Amino acid sequence: MNKSLDLAYVVARILAVGLFFTSGAEKIFQYSENVSVMAQNGVPSFFLPLVILLEVGGSIAIAFGFLTRFTSVFMAAFSIIAGFLFYQGFTMPHLIVWLKNASCAAGFILLVINGPGRWSIDHLISLKLGNKKTAGVQKSVA
């Protein structure tokens, strides 16, 4: 891979999680309001700490390329599940937010397929473990 492609992977990872990191941080500072929103949508409040952990911790992990494929599976699933739970209805705003969630899930699925790239902790771990296949790097077909 060339350096510009390596950089593109880093930028893509950061852009993919920006929304989730800020949303998770907001949930920390507006905890009681988020518990109320969850209750209004029939979601037990004990899920909120798990959501915060996924949004904040998962975002940081993906941004640095750590456990990227594993975490991206959960982020994709979370995006779709949250869309169904919180954006029901047939109004244009609900549809737009639901489609945003679906687009985020698509990005995370692409991270699962392609991995985090060479400028990632996953790649460094792979090199340290002596794996022949480099973790998180799609082999190019010549």
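Remember, it's a predicted structure, so these values are computed and weren't measured experimentally.
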Is L85 linked to M38 within one hydrophobic cluster, defined over Ile, Leu, Val, Met, Phe, Trp and Tyr using a side-chain heavy-atom separation of less than 4.5 Å?
yes
Could you pull out all donor-acceptor pairs under 3.5 Å where a side-chain atom in residues 52-64 meets a protein atom, sequence neighbours excluded?
| from | atom 1 | to | atom 2 | distance (Å) |
| --- | --- | --- | --- | --- |
| E55 | OE1 | G24 | N | 3.1 |
| E55 | OE1 | K27 | NZ | 3.2 |
| S59 | OG | V17 | O | 3.4 |
| S59 | OG | F21 | N | 3.3 |
| S59 | OG | E55 | O | 2.4 |

Does any pair with a residue in residues 67-90 pass ring-ring contact (aromatic ring centres under 6.0 Å, His included), and if so which ones, sequence neighbours excluded?
F70-F74, F84-W98
Contact between L111 and M75 at the side-chain level, heavy atoms closer than 4.5 Å - yes or no?
no
Would you say I14 ends up clustered with L19 if hydrophobic residues are merged whenever their side chains have heavy atoms under 4.5 Å apart, either directly or through other cluster members?
no
If hydrophobic clusters are built by linking Ile, Leu, Val, Met, Phe, Trp and Tyr wherever their side-chain heavy atoms come under 4.5 Å apart, do F66 and L124 end up in the same one?
no
Using the rule that Ile, Leu, Val, Met, Phe, Trp and Tyr join whenever any side-chain heavy atoms are under 4.5 Å apart, tell me whether W119 and V11 fall into a single cluster.
yes
Going from CG on N34 to CD on E26, what distance comes out if it is rounded to the nearest 0.5 angstrom?
4.5 Å
Where V112 and R69 come nearest, the two heavy atoms and their spacing:
O-NE, 2.7 Å
Do S126 and H123 have a side chain donor and acceptor closer than 3.5 Å?
no
Please enumerate all residues that pass ring-ring contact (aromatic ring centres under 6.0 Å, His included) together with F20, with sequence neighbours excluded.
F108
Who are the side-chain contact (heavy atoms from CB on, under 4.5 Å) partners of I96, not counting sequence neighbours?
M92
Any non-hydrogen side-chain atom of N2 less than 4.5 Å from a side-chain atom of L5?
yes
Minimal heavy-atom distance between S79 and C104, with the atoms involved, is OG-CB, 4.0 Å
Sequence-distant partners of S36, side-chain contact (heavy atoms from CB on, under 4.5 Å), two or more places apart
none
Test of understanding: clusters of I, L, V, M, F, W, Y form through side-chain heavy atoms closer than 4.5 Å, transitively. Do L7 and I121 belong to the same one?
no
For G65 versus P116, what's the shortest heavy-atom pair and its separation?
CA-CB, 4.1 Å
Any chance you could measure T68, atom OG1, to R13, atom CZ, to the nearest 0.5 Å?
6.0 Å
Using the ring-ring contact (aromatic ring centres under 6.0 Å, His included) rule, collect all pairs that involve residues 25-57, keeping only residues at least two apart or in two chains.
none
Return the minimal non-hydrogen interatomic distance between H94 and T91, and the atom names on each side.
ND1-OG1, 2.7 Å
Ignoring hydrogens and geometry beyond distance, is a side-chain donor-acceptor pair present between S120 and D122 at under 3.5 Å?
no
